[in-house]
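Structure, as structure tokens:
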Amino acid sequence: MKVKIKVWRQKNRNSNGSFVTYDSPDLNPNMSFLEMLDVVNEGLAVKGDEPIAFDHDCREGICGTCSLVIDGKPHGPHKGVATCQTYMRSFKEGDLITVEPFRATPFPLVKDLVVDRKSFDRIQQAGGFISVRTGSAPDANAVPVPKENADLAMDAAQCIGCGACVAACKNASAMLFVSAKVSHLGLLPQGQPERHRRVKAMVDQMDAEGFGGCTVTGSCEAVCPKEISLDFIARMNRDYAMSLLKGDPKGIAGGGA
Ligand code: FES
């Protein structure tokens with residue numbers, strides 16, 4: 001099969017960008033979307049043109065680095081998959097496919113389709129951790145965890161921090177990402193000591209990074225490759241309100257249900 005791709009090209013964040021259309025070479029429909037970009041890039045390199053810059057690492061839906069808006073939708077046409085898990089058989093012969101970077105002010109563009117998502121790292125650093133004594137792993141049954149909480153924590157922990165939620169949101173809100181990170185720790189006994197400090201620190205950092213507020217349109221949930229639920233935002237809001245009520249001046253309010 002052959003397709004045309006209309007790709008956002010931009011040398012760096014200070015230059016102007018524009019769309020450039022390329023004809024793909026013959027493609028195997030079972031190629032992934034990123035493999036299609038690889039073969040287009042091989043053609044560009046052979047001609048001496050600058051290859052298209054795009055992010056990727058695991059190519060297995062794990063790392064969250066592949067960050068493309070395909071035909072207007074972060075991660076492309078399918079629900080619950082990342083760009084690297086999108087295959088060319090999802091498109092038709094001769095299709096014109098538009099490919100853009102994740103666009104949001106807190107994700108400044110680096111080059112072409114690559115954006116800088118270090119703002120997510122800084123939010124994680126603000127509170128996305130637990131303080132436990134290091135050493136050998138404790139017995140699996142030493143700390144009982146209710147089944148419902150364990151399941152919910154695992155659901156939240158699936159977030160791969162790709163930023164599709166931000167790219168899809170008209171407000172560039174990072175609430176789905178932050179709520180997943182807050183919840184997967186806050187639901188487990190090991191995450192209780194910093195529970196309220198964590199939510200306050202992460203939400204404050206999210207605001208400092210310039211992410212917008214949530215108006216519950218649900219576009220984040222619709223494009224999330226791990227189908228993280230909006231319910232986690234409600235859970236985070238409750239925890240945040242509790243952290244304010246506790247009113248610890250350092251934001252350190254341990255324990256709590
Ligand atoms: S490249 Fe790792 S999730 Fe897509």
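Every number for a ligand or one of its atoms is a count from 1 in the order of the listing.
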Donor-acceptor contact present, side-chain Ser173 to main-chain Met175, <3.5 Å: yes

For the OG atom of Ser131 and the CD atom of Gln190, what is their distance to the nearest 0.5 Å? 11.0 Å

Taking the six-membered ring for Trp and the single ring otherwise, decide whether the centroids of Tyr87 and Phe33 are under 6.0 Å apart. no

Ligand 1 to Gly61, heavy atom cutoff 4.0 Å, flagged ligand atoms 3 (S)

Is there a donor-acceptor pair closer than 3.5 Å between any side-chain N or O of Glu227 and the backbone N or O of Glu221? no

Please note down the angle at atom 4 (Fe) of ligand 1 between SG of Cys84 and SG of Cys66, to the nearest 10°. 100°

Are any of the side-chain heavy atoms of Leu37 and Glu35 separated by less than 4.5 Å? no

Note the single closest protein heavy atom to atom 1 (S) of ligand 1, along with its residue, its atom name and the distance in Å. Arg59 N, 3.2 Å

Of all the atoms in ligand 1, which lie at a distance below 4.0 Å from a heavy atom belonging to Ile62? 3 (S)

Which residue supplies the protein heavy atom nearest to atom 3 (S) of ligand 1, what is that atom called, and how far is it? Gly64 N, 3.2 Å

Could a heavy atom of Asp57 be found less than 4.0 Å from some atom of ligand 1? yes

is_close_aromatic(Phe177, Phe211), centroid dist under 6.0 Å: no

Answer yes or no for Cys63: is there an N/O/S atom below the 2.8 Å cut-off from atom 2 (Fe) of ligand 1? yes

Measure Thr83 to ligand 1 on non-hydrogen atoms and call it side chain, backbone, both or neither using the 4.0 Å cut-off. neither

